[in-house]
There are 4 protein chains.
Amino acid sequence: MNKTKEKIFNAAIDIISQKGFYKSTMDEIADKAGVAKGTLYYHFNSKDDILIFLIDEGLSLLKNQILEKISHMKNSIEKLREIIVVQSKFLFKYKDFVLILLSQLWGKEEIQNSFREKIYDYLKIIEDIIDEGIEEKLIEKCDKKLLSSAFFGMISSLIIFQFRNNDVIDPEHIADSVIEYTFNGIHYRD
Amino acid sequence: MNKTKEKIFNAAIDIISQKGFYKSTMDEIADKAGVAKGTLYYHFNSKDDILIFLIDEGLSLLKNQILEKISHMKNSIEKLREIIVVQSKFLFKYKDFVLILLSQLWGKEEIQNSFREKIYDYLKIIEDIIDEGIEEKLIEKCDKKLLSSAFFGMISSLIIFQFRNNDVIDPEHIADSVIEYTFNGIHYRD
Amino acid sequence: MNKTKEKIFNAAIDIISQKGFYKSTMDEIADKAGVAKGTLYYHFNSKDDILIFLIDEGLSLLKNQILEKISHMKNSIEKLREIIVVQSKFLFKYKDFVLILLSQLWGKEEIQNSFREKIYDYLKIIEDIIDEGIEEKLIEKCDKKLLSSAFFGMISSLIIFQFRNNDVIDPEHIADSVIEYTFNGIHYRD
Amino acid sequence: MNKTKEKIFNAAIDIISQKGFYKSTMDEIADKAGVAKGTLYYHFNSKDDILIFLIDEGLSLLKNQILEKISHMKNSIEKLREIIVVQSKFLFKYKDFVLILLSQLWGKEEIQNSFREKIYDYLKIIEDIIDEGIEEKLIEKCDKKLLSSAFFGMISSLIIFQFRNNDVIDPEHIADSVIEYTFNGIHYRD
DNA sequence: TATGAATGAGGGTTCATTCAT
DNA sequence: TATGAATGAACCCTCATTCAT
């Protein structure tokens with residue numbers, strides 16, 4: 001990614017995260033990037049193309065951050081905990097972004113298919129760790145597809161709704177709570 | 001809600017659920033409703049206004065469905081299970097709708113504030129049931145705000161990602177799984 | 001054709017005849033027509049669509065003018081002469097128009113196919129008159145397709161090149177000359 | 001014309017003949033020529049300039065081909081016949097080219113004046129041969145300006161409309177027919 | 001109440017042209 | 001000579017909204 005493309009990339013994230021994809025205009029992005037509008041089209045084919053690029057890069061970033069962080073961990077539960085932390089931070093930073101992504105999960109257009117694949121790739125990481133946990137006898141046998149989806153949704157939802165308390169989010173706390181509830185369940189114990 | 005307004009309401013749900021809010025046009029909605037475009041503006045102030053109305057009505061519907069179903073139930077766990085079933089069906093039917101709603105949770109405009117309140121009202125129902133469960137000693141003491149959010153996100157996510165398997169969704173199955181994992185946890189047991 | 005559409009129609013002919021299709025803009029046409037730009041799109045699907053409509057109407061007009069004029073004529077040579085007169089006047093008035101049409105005769109897009117058909121329809125009128133002439137023993141047997149094409153081209157070319165002399169065109173004179181040369185040939189006679 | 005300019009020249013003919021002047025872009029021409037876009041501007045001042053150059057070269061080519069072919073001919077009718085053959089082949093090869101040229105015959109801009117002059121030069125060749133024919137008592141006295149224009153238009157039109165029959169064109173046949181009809185006329189003879 | 005023709009600001013995209021290298 | 005990234009004016013088109021009927 002050369003310098004100009006990077007300027008556009010950053011501007012696009014800024015603008016789109018702030019106003020949403022549909023309310024962002026190419027003019028604004030160009031302005032923010034400090035380039036002419038035509039330059040956007042020298043580096044990207046269309047507005048949609050920018051979105052695709054953003055999501056691609058975003059998901060890669062998230063994946064790589066996670067993979068790097070957990071590469072040295074042995075315990076699959078610690079890994080899951082780390083995923084929660086990293087994903088929480090990421091979601092918090094790129095809220096709108098994630099929504100854009102989610103909003104593309106339905107629909108049958110080509111772009112949308114490609115997004116779906118990418119999210120699935122991400123969920124696959126979670127699945128694999130669940131598998132590890134099962135093998136290590138840390139996790140009970142379970143429907144891992146269902147569980148990884150639920151995991152993803154739970155984290156996302158928590159980030160979205162943290163505003164309810166007007167609190168600043170604490171990813172570490174979220175991670176601890178989620179791990180606790182997920183592992184031990186919430187049924188009453190004497 | 002008189003007949004014309006109802007026609008518009010139904011058309012709007014159809015169109016917006018299918019194409020998303022931003023890609024839906026007033027022309028399409030009018031067409032689908034079988035009224036003239038001007039008529040939309042007799043019954044609603046703006047396109048945004050239609051959205052607000054849709055979400056208001058939609059959330060009321062969801063709330064009422066749930067409240068009615070659980071009104072005869074005694075056991076708070078059964079109640080939670082029922083919520084999952086109803087919400088799953090609802091999400092499945094009005095996918096895009098929910099996304100629109102979610103996409104409005106951020107932002108600081110007035111509309112968005114009103115949406116937030118309404119979703120919080122809904123989460124409150126879940127919270128209350130959790131409270132009941134705690135009192136009934138069915139549920140362990142826990143952070144109910146966090147838990148209700150997580151609950152909501154989990155269900156949403158499961159619906160969204162059921163496409164992964166190209167399966168038709170079975171809300172009853174989803175409900176059973178979620179209850180099982182949520183209550184007993186997934187840690188390994190001999 | 002209602003009043004607004006007619007205003008647009010006339011404006012489009014004016015502008016396009018003057019500047020050519022590609023150099024004409026929707027803004028100019030709207031300005032000339034005295035309507036808003038959006039109004040163009042209420043009555044036509046696209047800029048191309050306007051062109052198609054123009055050509056359709058233009059060719060209909062030409063055809064009808066000719067058919068009406070020759071309907072009372074008995075002699076096929078007189079008819080051909082009349083065609084020359086009418087077509088000359090028409091070409092003179094709508095020069096650019098005809099070029100647009102001609103420029104669409106190649107190419108394999110759908111629009112172009114439809115144009116081709118329409119011109120062929122027109123040539124068919126000439127062919128039929130040639131046929132009549134042959135039956136009436138006024139015209140020698142000949143390749144009528146070739147001849148009708150040549151006829152059409154000859155007239156068009158004469159109009160185009162009349163500028164060479166900076167003369168104002170005299171369709172009657174052109175008609176007489178063409179008929180004379182066409183019928184008797186130009187070979188030397190004692 | 002050096003090598004690079006020639007590459008551009010050939011690419012421009014290809015592209016413009018295929019897509020028309022207005023729908024051809026400098027990018028495409030550069031691509032086809034295998035040079036950078038900037039290079040076009042090193043060899044030509046503008047897109048228009050390329051067109052002018054194309055037409056200049058094209059008409060020179062046509063003129064030279066014709067002049068060479070007829071230089072050894074004595075009989076002015078044979079010469080006219082040869083012109084038809086050569087022009088037919090040329091038109092067939094460079095259809096769009098000729099249209100571009102024709103489309104520039106009107107208008108009052110400088111470029112257009114220069115085009116006009118060049119076409120007139122070409123028509124002058126035909127006129128001169130007609131003159132010769134008259135002197136040689138092969139051709140009847142006639143309006144040679146009108147006749148040369150008609151001649152040109154006839155040939156062009158025949159090429160354009162040969163598509164009607166989906167036949168491959170046979171310039172020799174066209175030439176024979178045109179000469180026959182032009183010289184002897186089409187009036188009925190016992 | 002309902003209509004639908006008309007509006008016009010605004011958006012995405014194209015592309016001939018420039019210029020530093 | 002040649003390059004290709006950058007430009008920005010200009011264009012086509014969309015669509016929420018208005019208003020006379």
Side-chain angles (χ1 to χ4, degrees), chain A residues 2-5 7-8 22-31 33-50, chain B residues 2-5 7-8 21-31 33-51, chain C residues 2-5 7-8 22-31 33-50, chain D residues 2-5 7-8 21-31 33-51:
Chain A
N2 67 38
K3 242 173 189 175
T4 304
K5 191 163 185 176
K7 280 195 291 180
I8 296 171
Y22 292 107
K23 290 194 174 169
S24 302
T25 70
M26 295 300 263
D27 278 284
E28 283 171 312
I29 294 172
D31 256 29
V35 299
K37 201 181 354 176
T39 307
L40 301 189
Y41 288 89
Y42 189 80
H43 293 279
F44 297 93
N45 293 320
S46 65
K47 193 184 174 191
D48 276 1
D49 205 45
I50 292 181
Chain B
N2 68 38
K3 255 190 178 156
T4 304
K5 191 162 185 177
K7 282 195 290 181
I8 296 171
F21 180 65
Y22 291 107
K23 289 193 175 171
S24 301
T25 68
M26 296 299 264
D27 277 282
E28 283 171 312
I29 294 171
D31 252 31
V35 301
K37 204 185 346 183
T39 307
L40 300 189
Y41 286 87
Y42 187 82
H43 292 280
F44 298 93
N45 293 320
S46 66
K47 193 186 174 189
D48 277 0
D49 205 45
I50 292 180
L51 181 60
Chain C
N2 67 38
K3 241 174 190 175
T4 305
K5 192 163 186 177
K7 280 196 290 180
I8 296 171
Y22 292 107
K23 291 195 174 169
S24 302
T25 69
M26 294 300 263
D27 278 283
E28 282 172 312
I29 294 172
D31 257 30
V35 299
K37 210 199 319 196
T39 307
L40 301 189
Y41 288 89
Y42 189 81
H43 293 279
F44 298 93
N45 294 319
S46 66
K47 193 185 174 192
D48 277 1
D49 206 44
I50 291 181
Chain D
N2 69 37
K3 250 182 182 163
T4 305
K5 190 162 185 176
K7 281 195 290 180
I8 296 171
F21 180 66
Y22 291 108
K23 291 193 174 170
S24 301
T25 68
M26 296 299 264
D27 277 282
E28 283 171 312
I29 294 170
D31 253 32
V35 299
K37 205 183 349 181
T39 308
L40 300 189
Y41 287 87
Y42 187 82
H43 292 280
F44 298 93
N45 294 320
S46 67
K47 193 185 174 191
D48 277 0
D49 205 44
I50 292 181
L51 181 61

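Numbered from 1 within each chain, the chains take letters A, B, ... in sequence-line order.
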Problem set entry | Separation of atom NZ in B:K23 from atom P in F:dC13, rounded to whole Å | 19 Å
Problem set entry | Minimum heavy-atom distance between C:I50 and C:F44, given as atom pair plus value | CG1-CG, 3.5 Å
Problem set entry | C:I8 CD1 to E:dA6 P, straight-line distance once rounded to whole Å | 8 Å
Problem set entry | Spacing of C:I50 atom CD1 relative to F:dC13 atom P, expressed in whole Å | 9 Å
Problem set entry | Nearest atoms (heavy-atom pairs only) where A:K23 meets B:Y22 | CE-OH, 3.6 Å
Problem set entry | Length of the CG-P vector between D:L40 and E:dC15, whole Å | 15 Å
Problem set entry | d(CG, C:D31; P, E:dT7) in whole Å | 12 Å
Exercise. Taking the side chain of C:T39 as its heavy atoms from C-beta onward, which of F:dT1, E:dG4, E:dT7 lies nearest to it?
Worked result: E:dT7
Problem set entry | CG on D:L40 to CG on D:N45, rounded to 0.5 Å | 12.0 Å
Seminar exercise, completed: B:I8 and B:T39 have their tightest heavy-atom pair at CD1-O, 4.2 Å
Problem set entry | Value in whole Å for how far the P atom of E:dA2 lies from NZ of B:K3 | 12 Å
Exercise. What interatomic distance, in whole Å, is found between C1' of F:dT21 and the corresponding atom of E:dT1?
Worked result: 13 Å
Problem set entry | Contacts of type side chain to side chain contact (heavy atoms under 4.5 Å, CB included), residue A:Y41, not counting sequence neighbours | A:M26
For this session: Can you run through DNA chain E from 5' to 3' and write each base as (, ), [, ], | or . depending on how it pairs? Watson-Crick or G-U wobble, both distances under 3.5 Å.
Result: .||||||||||||||||||||
Exercise. CZ of A:F44 versus P of E:dG12: gap in Å, rounded?
Worked result: 15 Å
Seminar exercise, completed: Applying side chain to side chain contact (heavy atoms under 4.5 Å, CB included) to B:D27 and not counting sequence neighbours gives B:T25, B:K37
Exercise. What does nucleotides 16-21 of chain F look like as a protein-contact string, B for base, S for sugar-phosphate only, - for none, at under 4.0 angstrom between heavy atoms?
Worked result: BBB---
For this session: Could you tell me which non-hydrogen atom of D:G34 sits nearest to which non-hydrogen atom of D:K7, and how far apart they are?
Result: O-NZ, 4.5 Å
Exercise. Closer to the 5' end of DNA chain E via nearest nucleotide, is it C:V35 or B:Y42?
Worked result: B:Y42
For this session: In whole angstrom, give the distance that lies between atom CD of A:E28 and atom P of E:dT13.
Result: 15 Å
Exercise. In chain order, what residues pass the side chain to side chain contact (heavy atoms under 4.5 Å, CB included) check against B:D48, with sequence neighbours excluded?
Worked result: B:F21, B:S46, B:I111
Seminar exercise, completed: B:Y42 meets the side chain to side chain contact (heavy atoms under 4.5 Å, CB included) criterion, sequence neighbours left out, with none
For this session: Check whether any side-chain nitrogen or oxygen of D:H43 sits under 4.0 Å from OP1 or OP2 of F:dA2, and answer yes or no.
Result: yes
